[in-house]
Enquirer: 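I have a structure here, written as structure tokens, and I will follow up with some questions on it.
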Amino acid sequence: MYRGPARLQQIFLNLIDNAIKYTPCDGKVSLAVDSEPGWAKVSVTDTGPGIPEADLPHIFEQFYRVDKARNRNDGGSGLGLSMVRAFSEAHGGRVEIFSLPGSGCTFTVFLPLSHSGTNL
Ligand code: ADP
């Protein structure tokens, strides 16, 4: 249920959607694809507000939102990142975040490379 091409697509749509949503119009969103032995790495980087250090351990929890004052109408549900983590792990991968508050953040998804060329 949590695996397959549609789920992989949702991982990246969520990350790109967040990057665009939280970055001001004069900011920048960039994608990078890379690999290291055994892993494919896809990163989404933005120049938005970043995420405070105290919130980082919770950011992948269901319904967790940094700005609690915003409600579902003017923001999101707080579910996107929990799905990103669940779907990444269902593919044998993981997601990491690096953030410098005030200068944006980078989410990196690691997916295992398989010898057969597919891991779906
Ligand atoms: P939401 O639907 O609220 O965007 P998510 O699970 O996708 O829910 O994200 C959880 C919280 O993480 C968001 O409410 C926001 O506070 C923070 N967040 C996610 N992505 C970013 C980002 N690129 N820049 C700054 N904050 C972010």
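Since the structure is predicted, the reported quantities are computational estimates derived from the model, not experimental observations. Each ligand, and each atom within it, is numbered from 1 in the order the structure gives. The figures that follow rest on heavy atoms only: side chains count, while hydrogens, waters and symmetry mates do not.
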Enquirer: Which ligand 1 atoms, with their elements, are less than 4.0 angstrom from a heavy-atom of C105?
Expert: 22 (C), 23 (N), 24 (N)
Enquirer: Going by heavy atoms, is G78 under 4.0 Å from ligand 1?
Expert: yes
Enquirer: Tell me the closest heavy-atom pair linking F107 and V95, and the distance in Å.
Expert: CD2-CG2, 4.5 Å
Enquirer: Heavy-atom contacts with I51 under 4.0 Å: which atoms of ligand 1 show up? List them by number with element.
Expert: 18 (N), 25 (C), 26 (N), 27 (C)
Enquirer: Determine, using the 4.5 Å side-chain heavy-atom cutoff (strictly less than), whether V44 and I20 are members of one ILVMFWY cluster.
Expert: yes
Enquirer: Look up atom CZ in R65 and atom CG in L79, then write down how far apart they are to the nearest 0.5 Å.
Expert: 10.0 Å
Enquirer: What atoms of ligand 1 come closer than 4.0 angstrom to any heavy atom of G50?
Expert: 25 (C)
Enquirer: Could you tell me whether some N/O pair between G80 and ligand 1 is separated by less than 3.5 angstrom?
Expert: yes
Enquirer: Relative to the heavy atoms of Y64, which atoms of ligand 1 are at a distance of less than 4.0 Å?
Expert: 10 (C), 11 (C)
Enquirer: Where do C105 and I51 come nearest, in terms of heavy atoms and distance?
Expert: SG-CD1, 4.4 Å
Enquirer: Give the atoms of ligand 1, by number and element, whose distance to some non-hydrogen atom of R65 is under 4.0 Å.
Expert: 3 (O), 14 (O)
Enquirer: Does R7 make a cation-pi contact with F87 (under 6.0 Å, within 45 degrees of the axis)?
Expert: yes
Enquirer: Could you name the option among T47, L81, I20 that has the heavy atom nearest to atom 5 (P) of ligand 1?
Expert: L81
Enquirer: Within the structure provided, determine whether V42 and L31 are in side-chain contact (heavy-atom separation under 4.5 Å).
Expert: no
Enquirer: Nearest 0.5 Å, please: how far is OG1 in T45 from NZ in K28?
Expert: 9.5 Å
Enquirer: Heavy atom to atom 20 (N) of ligand 1, shortest distance: which of L15, N18, V29, D67 holds it?
Expert: N18
Enquirer: Using a 3.5 Å cut-off on N or O atoms only, is I59 in polar contact with ligand 1?
Expert: no
Enquirer: Hey, does the Lys NZ or Arg CZ of R94 hover above the aromatic six-ring of F110, less than 6.0 Å from the centre and inside 45° of the axis?
Expert: yes
Enquirer: Which ligand 1 atoms are under 4.0 Å away from a heavy-atom of K21?
Expert: 1 (P), 2 (O), 4 (O)
Enquirer: So if I count the atoms of ligand 1 from 1 in the order they appear, which ones are less than 4.0 Å from some heavy atom of L79?
Expert: 6 (O), 8 (O)
